[in-house]
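Structure record follows, encoded as structure tokens.
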Amino acid sequence: MDYFIQNIVSLLKEKTHLPGEEIERLIEIPPDFKMGDYAFPCYILSKTLKKAPNIIATELSRTLQTFINENTPESPFLKRGLREITEVKAVGPYVNFSVDKATLSEIALKTIYEEHDEYGNKNIGKGKTVVIDFSSPNIAKHLAVHHLRSALIGNAIRHIYKALGYTCVGINHLGDWGTQFGQLIVAYKKWGNENAHTSYTVTDLNNLYVKFHQEAEKNPGLEDEARAWFKKLESGDSEAKELWQHFKDISLKEFQKIYDLLGIHFDAFIGESFYNTMVEDTITRIKEKGLARVSEQALIVDLEPHNMPPCLLRKKDDTTLYATRDIAAAEYRKNTYNFDRMIYVVGSEQKLHFQQLFKVLELMGYEWANRCVHVDFGLMKFKDGKMSTRRGKVVLLEDLLTGAVERIRKIIEEKNPSLENKESVARDVGIGAVIFADLCTKRNKDVIFDWDEVLNFEGETGPYIQYTHARLCSILRKYGRPVTADIRFELLKEDEAIILIKNLGQFPSVILKAAEFYEPSLICNYLIDVCGHLNRFYNIHRVLSGDEELEKARILLVDATRQVVKNGLYVLGMQAPERM
RNA sequence: GCGCCAGUAGCUCAGCUGGAUAGAGCAUCGGAUUUCUAAUCCGGCGGUCGAGGGUUCAAAUCCUUCCUGGCGCGCCA
């Protein structure tokens, strides 16, 4: 618990007779720093005391202030903590506490200084494993802008949980199985070209896929052919398998290029096909539990008692469905990684699917079913509708990324032409801009993709955060001496400094909250706040002033801010260039 | 038809486990640089928090009805 809150709670406990936990929960931070550093709302007392909260606040603040004045010298337990409460005053229905700013600064800045790259980390997840299923694109289709979200949110969540001490296993659950491969094989055999083995690209595969759907509208028989080919694939037909493997190789090569660009790493690429050999056992187990039955020639788990549509295990042609493979995959992952939690970062259009999946796992008797979570997110849309590879209507991820890098390159040329390593900085900032733009909004909202919006680098953007970081690095370079935490903390007395320092102290709890809600956007918003406070400070107060003591103090603040921004960018999966 | 999600400034969003005057950015208008990178900062403009009803001392926040948009609802993933 925060040092000051601890003191305030023990003080209030004595005078209000409320339980400590309750008080701690109620303590908040006033909206305006001028009101004080911490606040206790008195509404809760108005019922028992039968007085208006304003009056209670006035009386309580007077009592507390008197108590502090009287007891400071003697009380051995509260002595230090009490002396650091500099003022207790009533503001409306709140009792507001002001604390000694030098102590506040010392606690926050020393912690950051000592923990540096580990600041914000915790060990609450030590010895526990989290499996994160993310990105998981479909083979034979391009990675498009709408595939970005799962990859980025998953990657950030992975970093966040790692920071909390969890062992994270990032799995790319490739969509490399299913009727669509039957479709692709049919399309390839009908319209494909002989050189597939040497020259085919994902674009070619995607064209075949689009063509299949166009043709299938005119000729529904194609769908049956496709199902037949998938059945052959599932039963191990060598021709089908060879084609499938090729489609897969081509896709993986292209995916890897993008993941490298984004700086995203997976611990395993295990596609759906991998579970093909396990689904029979899975189905057997489901049958043994008496959960499965045949309906309309298909094998299902009836979820009617749980107010859900049935979960289909096997189609009438005997091939399996993705739900079946997902059940097998969940069992496999539990056996392999013995996870404490499993997180699926998949779009919200699959919400029902995961509800069904988790329910089936629960019905199978797996106690860990309730430790599986679907971290869903809204769709990426154009102004005029949903993106879809089926209709060939997409913005390719690669184009977006190279476009952003290109744009940054121009801006560097314009603003900082003498910069070294322009190429790598342009890449870090361009990619970072895309990452930040995507992570910045709460994940369950739909995102409307707008080139102008994504390529505007002013205001609340990735480049803004990185730019702030680069300027801080620049000051430290100019300073040229080692940073020390042995400073006179009372010199950091300006409002802009205090607000910033308090903000920096919040970082660990922001990480925690982001983990709790699986919400990387909280970190984006936090970084915008920190950078805003820093830039305000930077604009008003000179760091390298010539006054040695003051310089030392402000340098520590600069370094601490740099560190927090760097750590924050890291968990988002972004680079923090030192010059730009 | 049923279910889930969203609706806050012209635009994009924050605030939502009830609490102090509803905040940012973009756009627009006006200002700040002999000094640490102006990808910055300051100010102006801009809001019946989709609509009605309810709970409460207190509602953008909780409940309810309705409206609008998105997604989903057995052999795709």
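Keep in mind that this is a model prediction, so the values were computed, not measured. In the text below, chain A, chain B and the rest are named by the order of the sequence lines, each starting its count at 1.
A ring-centre distance under 6.0 Å is not found for A:F181 and A:F247. When ring centroids are compared, A:F537 and A:H533 stay outside the 6.0 Å threshold. Between A:H374 and A:F358, the distance separating the two ring centers is not shorter than 6.0 angstrom. Checked against the 6.0 Å centroid criterion, the rings of A:Y526 and A:F507 qualify as a close aromatic pair.
Set against B:C75, B:C71, B:C16, the side chain of A:L379 has B:C71 as its closest nucleotide. Between B:C36, B:C26, B:A20, one nucleotide has an atom nearer to the side chain of A:R542 than all others, and that is B:C36.
Applying the Watson-Crick and G-U wobble criteria (two distances, each under 3.5 Å), B:C16 pairs with nothing in any strand. B:C4: Watson-Crick or G-U partner is B:G70, with both key distances under 3.5 Å. Applying the Watson-Crick and G-U wobble criteria (two distances, each under 3.5 Å), B:A9 pairs with nothing in any strand.
Residue contacts shown for A:L321 are limited to sugar-phosphate atoms, with no base heavy atom under 4.0 Å away. Backbone-only contact: A:P309 has heavy atoms under 4.0 Å from sugar-phosphate atoms and none from a base. Here A:R325 lies in heavy-atom contact (under 4.0 Å) with sugar-phosphate atoms only.
In this structure, CG of A:D376 is placed 14 Å from C1' of B:G3, rounded to the nearest angstrom. Regarding A:L303, its CG atom lies at a distance of 14 Å from the P atom of B:C73, rounded to whole Å. With rounding to whole Å, A:L557 atom CG is found 14 Å from B:C36 atom C1'. Rounded to a whole Å, the OH atom of A:Y526 is 16 Å from the C1' atom of B:A14. Regarding A:K351, its NZ atom lies at a distance of 11 Å from the C1' atom of B:G3, rounded to whole Å. Regarding A:L544, its CG atom lies at a distance of 14 Å from the P atom of B:U35, rounded to whole Å.
Nucleotides B:U28 and B:U56 have their P atoms positioned 49 Å apart, rounded to a whole Å. Of the P atoms belonging to B:C63 and B:C5, the separation is 10 Å, rounded to the nearest Å. Straight-line distance between the C1' atoms of B:U33 and B:U40: roughly 10 Å, to the nearest whole Å. B:G3 and B:A22 have their C1' atoms separated by 32 Å, with the value rounded to a whole Å. Taking the P atom of each, B:A58 and B:G25 are spaced 34 Å apart, rounded to whole Å. Only the C1' atoms considered, B:G1 is 24 Å distant from B:C76, to the nearest whole Å. Taking the P atom of each, B:G7 and B:U61 are spaced 11 Å apart, rounded to whole Å. Between B:G23 and B:A9, the two P atoms lie 14 Å apart (nearest whole Å).
At least one cation-pi condition fails for A:R227 and A:F230: the charged atom is not both under 6.0 angstrom from the six-membered ring centre and inside a 45 degree cone around its axis.
A donor-acceptor contact closer than 3.5 angstrom is absent between the side chains of A:Y344 and A:D326. Side-chain atoms of A:W177 and A:E234 form a donor-acceptor pair, as typed in the model, at a separation below 3.5 Å.
The side-chain ring of A:Y43 is stacked on the base of B:G19, judged by centre separation under 5.5 angstrom and plane angle under 30 degrees.
The base of B:G74 sits with one of its N or O atoms less than 3.5 Å from a complementary donor or acceptor on the side chain of A:S295.
Taking every heavy atom of both residues into account, A:G36 and A:S98 meet most closely at CA-OG, 3.7 Å. Across all non-hydrogen atoms, the minimal contact from A:S46 to A:I56 is CA-CD1, 3.4 Å.
At the phosphate of B:A6, OP1 or OP2 sits under 4.0 Å from a side-chain N or O atom of A:N444.
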Could you pull out the protein-nucleic contacts involving nucleotides 37-41 of chain B (nitrogen or oxygen on both sides, under 3.5 Å)?
residue : atom : partner : partner atom : Å
B:U37   : OP1  : A:S474  : OG           : 2.4
B:U37   : OP2  : A:S474  : OG           : 3.3
B:U37   : OP2  : A:K478  : NZ           : 3.4
B:U37   : O2'  : A:Y467  : OH           : 2.0
B:U37   : N3   : A:M580  : O            : 2.8
B:U37   : O4   : A:M580  : N            : 2.9
B:U37   : O4   : A:M580  : O            : 3.4
B:A38   : OP2  : A:R471  : NE           : 3.3
B:A38   : OP2  : A:R471  : NH2          : 2.1
B:A39   : OP1  : A:Y467  : OH           : 3.3
B:A39   : OP2  : A:K415  : NZ           : 2.6
B:U40   : OP1  : A:G459  : N            : 3.2
B:U40   : O2'  : A:R471  : NH1          : 3.3
B:U40   : O2'  : A:N539  : ND2          : 3.4
B:C41   : OP1  : A:Y464  : OH           : 2.7
B:C41   : O4'  : A:N539  : ND2          : 3.0

